There are 2 protein chains.
Amino acid sequence: MSPKEKKGEITINDIAKELNISPSTVSRALNDNAKISEATKNKVKAVAKDLGYELNLVASSLSKNKTNVIGVIIPHLGSQFFAKALSGIQEVARDNGYNVIISQTNESVQQEVEMTRVMNSARVDGLVCCLTMETDNVDHFNVFVKKSIPVAMFDRVSYAVPGPKIVVDNYEAGYVATEHLINLGCKRIAHLAGAVSSKVFEERSEGFKDALKKNSLPLLSQFLLSSDLTEQDARDAVRLWMNLPQRPDGIVAASASSGLIIASAVKAMGIKLPEELSIISLGNERCNEFVTPSLSAVDMPGYEMGKAAVTQLIKCINDGVTDSSITLKPIQLLIRNSSFKH
Amino acid sequence: MSPKEKKGEITINDIAKELNISPSTVSRALNDNAKISEATKNKVKAVAKDLGYELNLVASSLSKNKTNVIGVIIPHLGSQFFAKALSGIQEVARDNGYNVIISQTNESVQQEVEMTRVMNSARVDGLVCCLTMETDNVDHFNVFVKKSIPVAMFDRVSYAVPGPKIVVDNYEAGYVATEHLINLGCKRIAHLAGAVSSKVFEERSEGFKDALKKNSLPLLSQFLLSSDLTEQDARDAVRLWMNLPQRPDGIVAASASSGLIIASAVKAMGIKLPEELSIISLGNERCNEFVTPSLSAVDMPGYEMGKAAVTQLIKCINDGVTDSSITLKPIQLLIRNSSFKH
DNA sequence: TAAAAAAGTGCAAGCGCTTGCATTAATGCC
DNA sequence: GGCATTAATGCAAGCGCTTGCACTTTTTTA
């Protein structure tokens, strides 16, 4: 094995030796530095290609004190909303020359804290994250704030951390969905809400309530349920509502998956959708098109949120951290067969 | 701004100065090197914590010539199967002290080539990937092979690249699914297959054909269609089949999403599922439970494949590249309401 | 045509950490 | 009590690239 192959890695020094010039010239040539003559650049590039040289990003990062890496911390990788968001994140990052390293918290605050530590160690140039449901203390982001490493948050955000926030107008989502049911003639609308501690779900609830109020419809206390939106929660809610003497004639589900479960549970009870009951969910999944009846939904633009988050993040990386806050609209109302004109 | 804060980063030198010892001792102490006394270790760790020191992985990687990063190249981040796989990949990686950097090819070979270049530049310690549908030339992986950087492939793999291969037994999937329909009494079973160029789909087809043969059922040529499994392809297949004088009484769809579309298209034609026609798809999605009738499927264990891929990869990183090839079984047959006893 | 400006390269330090080897201090042995 | 071990620490080079500054050569300007 010749010494050149020992490490299997070609460096700028190899190129330099080959051409009898200095490594600094090689570096500058490869980076298209204006001070290097075209002739030299061409020679260098040719040899680089010849030898199969590929920039060592690790070394480059160290000396430039910039990694060109964006860290992503999200609750799950497996769920549709986040998968979409991640896809958007990765695309924009790639287009701007950034790599992205990922991590999932599984809704555990402890994991979230741990992951910020890892991201810090990796010296990411920026962070995009969606907080855990339980996160209220956000001190673990201080490391980044102190170093002016921008942190962009989307969906579940905290205004206690400076940096871009990308959210959808959850209030409007709740409002629009509810109003849609009202326009169809529903009079007794129920809402399965998410944990009150979460801004996202609180706002959706507010939108729901205001839509009722604006339309002079009463809000029955049993018709507004808060939960963790687990499968069991959804089933319990359905059981409770459907055993009421006065059943609801419309349901607004706070999440895509709870909507799906509610619809399925209701159907299992033999209740006719949408004739006896209209359903709409806040958050759309591909499923919604395929179930019978297809499920109306307010679309939450995960992909767009991901893109927007990174776009803003990169702006901050380049121009310094700012507090830009983007509320994505319009939220698309997808009217399908689960909501019906009474 | 004091000089210590200028960079905002605490280094081992800062700790060394604070304690009047050498940086090497600090480094060793932090790494729990046996040659360092407990007393020193404790002092060092205390000061490190005090100053808020966090290892600079970039510098560490450079000097150790090991990044502890695993690169992932997959077709999409947004699709359910890959999202699951990614989730498994990330978990195992994290548990073993690896970070993962991601990229998606969008089924473009050119992107795939580009991404291998990026991963090489990032000096990943290992690569896990699922090839593009169109990938036949795999020369772009040679860089890694030459450097003995292990490459683990899952689902869509190439045996031309050394390293672990994680696949499901696609033949068995096709076989089992078909047999299930046969056991229900289906006599005229059709199959919408994927591109023949793909091993995955070819094997599923083979399983389908063999199941028919084994059970002495004829294979009608119009009943075996190859396609790219797009939405349009699925609709076309349904139209063709349902206009036949002798309609099929069972359909095996080569993918989860085509199965969903087939079921939906068939229902739209007023055909009764599962009374007139049984459907099963190779690949399961959450949707399948929620559609009516719920869709039977052979489950493809994405999450497990992801985990297995990284597990094998890390084994290779530690012990050298080997060609371990894992075929995941048993594939789970999820019998739901779309397949019915005739 | 001499002086000034511009163009093109090279030198060498530095990014923060790791590690082989040398050095010193402490302990054990006969 | 002198010598060989062992334990604990420091030195300094090196990982591969970047970059401020110095230097040389060429071109421009008056």
Side-chain angles (χ1 to χ4, degrees), chain A residues 3-4 6-45 47-48 51-69 120-125 147, chain B residues 3-4 6-45 47-48 51-69 120-125 147:
Chain A
K4 199 171 279 177
K6 194 163 36 181
K7 289 295 194 161
E9 300 285 8
I10 312 294
T11 72
I12 52 172
N13 297 299
D14 297 324
I15 301 178
K17 262 171 216 153
E18 187 79 20
L19 287 169
N20 253 306
I21 58 179
S22 79
S24 25
T25 301
V26 174
S27 171
R28 290 195 176 97
L30 292 173
N31 289 309
D32 268 324
N33 185 307
K35 299 247 146 188
I36 303 293
S37 70
E38 282 306 315
T40 310
K41 281 186 191 174
N42 291 335
K43 267 189 276 175
V44 168
K45 287 177 186 171
V47 173
L51 298 181
Y53 170 81
E54 201 74 53
L55 172 66
N56 184 331
L57 277 180
V58 181
S60 174
S61 296
L62 182 61
S63 74
K64 290 204 290 190
N65 196 28
K66 177 159 199 302
T67 53
N68 269 69
V69 167
N120 181 28
S121 247
R123 298 294 191 265
V124 296
D125 287 340
K147 296 196 286 182
Chain B
K4 198 170 282 175
K6 195 163 36 183
K7 288 295 194 162
E9 301 284 7
I10 312 293
T11 74
I12 53 171
N13 296 299
D14 297 325
I15 301 179
K17 263 173 217 152
E18 187 79 18
L19 287 170
N20 253 306
I21 58 180
S22 79
S24 26
T25 302
V26 175
S27 172
R28 290 195 176 98
L30 292 173
N31 289 310
D32 268 323
N33 186 307
K35 300 249 144 188
I36 302 295
S37 71
E38 283 304 315
T40 311
K41 280 186 190 172
N42 292 335
K43 268 188 276 176
V44 168
K45 285 176 187 170
V47 174
L51 297 181
Y53 170 82
E54 201 73 54
L55 172 66
N56 184 330
L57 277 179
V58 181
S60 174
S61 297
L62 181 61
S63 74
K64 288 204 293 191
N65 195 29
K66 175 157 201 302
T67 53
N68 269 70
V69 167
N120 180 27
S121 246
R123 299 295 192 262
V124 295
D125 287 341
K147 296 197 285 183

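Here the structure is a predicted model, which means the values were calculated and not measured. Letters A, B, ... mirror the listed sequences (proteins, then strands); counts begin at 1.
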**Student:** Taking CG from A:Asp125 and C1' from C:dC15, how many angstroms apart are they, rounded to a whole number?
**Tutor:**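 Distance, rounded to whole Å: 15 Å.
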
**Student:** Using the salt bridge (Lys or Arg N to Asp or Glu O under 4.0 Å) criterion, which residues pair with B:Arg28? Sequence neighbours excluded.
**Tutor:**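 B:Arg28 satisfies salt bridge (Lys or Arg N to Asp or Glu O under 4.0 Å) with no residue once adjacent residues are dropped.
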
**Student:** Work out how much the helix from C:dT1-D:dA30 to C:dC30-D:dG1 bends between its end axes, five pairs an end, to the nearest 10 degrees.
**Tutor:**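 Both end axes considered, the difference amounts to 40°.
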
**Student:** Can you tell me if the side-chain N/O atoms of B:Ser63 get under 4.0 Å from OP1 or OP2 in D:dG14?
**Tutor:**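 No, no such contact exists.
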
**Student:** State whether A:Asn31 places a side-chain N or O below 4.0 Å from either non-bridging phosphate oxygen (OP1 or OP2) of D:dT18.
**Tutor:**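 So the side chain of A:Asn31 is within the cut-off, an N or O lying under 4.0 Å from OP1 or OP2 of D:dT18.
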
**Student:** Return the 5'-most residue of the pair B:Lys41, A:Lys64 with respect to DNA chain D, ranking by each residue's nearest nucleotide.
**Tutor:**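 The residue whose closest nucleotide sits nearer the 5' end is B:Lys41.
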
**Student:** Output a table of donor-acceptor pairs, distance under 3.5 Å, between side-chain atoms of residues 51-59 of chain A and any protein atom two or more places apart or on a different chain; print 'none' if there are none.
**Tutor:**
residue, atom, partner, partner atom, Å
A:Asn56, OD1, A:Val58, N, 2.8
A:Asn56, OD1, A:Ala59, N, 3.2

**Student:** Please give, in whole Å, the distance from D:dG10 C1' to B:Asn33 CG?
**Tutor:**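 Value for this atom pair: 13 Å.
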
**Student:** Rounded to whole Å, please give me the gap between CG in B:Asn20 and C1' in D:dA8.
**Tutor:**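 These atoms are roughly 16 Å apart.
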
**Student:** Is the distance from OP1 or OP2 of D:dT19 to the nearest side-chain N or O of A:Ser24 less than 4.0 Å?
**Tutor:**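 No, because none of the side-chain N or O atoms of A:Ser24 sits under 4.0 Å from OP1 or OP2 of D:dT19.
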
**Student:** Rounded to whole angstroms, how far apart are NZ on B:Lys43 and C1' on D:dA8?
**Tutor:**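 Whole-Å distance recorded here is 12 Å.
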
**Student:** Only counting residues at least two apart or in another chain, list the ones meeting side-chain contact (heavy atoms from CB on, under 4.5 Å) with B:Asp32.
**Tutor:**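 side-chain contact (heavy atoms from CB on, under 4.5 Å) check on B:Asp32 returns B:Lys41, B:Lys45.
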
**Student:** I need the CG-P distance between B:Leu51 and C:dG16, as an integer number of Å.
**Tutor:**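 Those two atoms, CG and P, are 15 Å apart.
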
**Student:** Could you list the residues that satisfy side-chain contact (heavy atoms from CB on, under 4.5 Å) with B:Ser27, not counting sequence neighbours?
**Tutor:**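 Applying side-chain contact (heavy atoms from CB on, under 4.5 Å) to B:Ser27 gives B:Ile12, B:Asn31.
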
**Student:** By side chain to side chain donor-acceptor pair (under 3.5 Å), which residues pair with B:Ser60, not counting sequence neighbours?
**Tutor:**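 B:Ser60: no side chain to side chain donor-acceptor pair (under 3.5 Å) contacts found.
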
**Student:** Write down the atom of A:Thr25, the atom of A:Ile21, and the distance for their closest heavy-atom approach.
**Tutor:**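 Nearest pair, atom of A:Thr25 first, then A:Ile21: CG2-CD1, 4.1 Å.
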
**Student:** List the residues meeting side chain to side chain donor-acceptor pair (under 3.5 Å) with B:Thr40, not counting sequence neighbours, and say none if there are none.
**Tutor:**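 For B:Thr40, the residues satisfying side chain to side chain donor-acceptor pair (under 3.5 Å) (neighbours in sequence not counted) are B:Ser37.
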
**Student:** What's B:Ser27 touching, base or sugar-phosphate or nothing? Going by heavy atoms closer than 4.0 Å.
**Tutor:**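 Base, at least one base heavy atom under 4.0 Å.
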
**Student:** Quickly work out the B:Asn65 CG to C:dC17 P distance and round it to whole Å.
**Tutor:**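 Roughly 18 Å, once rounded to whole Å.
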
**Student:** Can you name the nearest heavy-atom pair linking B:Pro23 to B:Ala16, along with the distance?
**Tutor:**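 In terms of heavy atoms, the two residues are closest at N-CB, 3.7 Å.
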
**Student:** Using whole Å, report how far CG of A:Asn56 lies from C1' of D:dC15.
**Tutor:**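 Distance, rounded to whole Å: 8 Å.
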
**Student:** Please produce a list of atom pairs where a protein N or O lies less than 3.5 Å from an N or O of nucleotides 6-9 of chain C.
**Tutor:**
residue, atom, partner, partner atom, Å
C:dT9, OP1, A:Ser37, OG, 3.4
C:dT9, OP1, A:Thr40, OG1, 2.6
C:dT9, OP2, A:Ser37, N, 3.3
C:dT9, OP2, A:Ser37, OG, 3.3
C:dT9, OP2, A:Thr40, OG1, 3.0

**Student:** Could you state the CD1-P distance from B:Ile12 to C:dT18, rounded to the nearest angstrom?
**Tutor:**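 After rounding, the reported distance stands at 6 Å.
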
**Student:** Taking only residues two or more places apart in sequence, or in another chain, which ones meet B:Asp125 in a side-chain contact (heavy atoms from CB on, under 4.5 Å)?
**Tutor:**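 With sequence neighbours excluded, B:Asp125 shows a side-chain contact (heavy atoms from CB on, under 4.5 Å) to B:Lys66, B:Thr67, B:Asn68, B:Tyr98, B:Ile317, given in chain and number order.
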
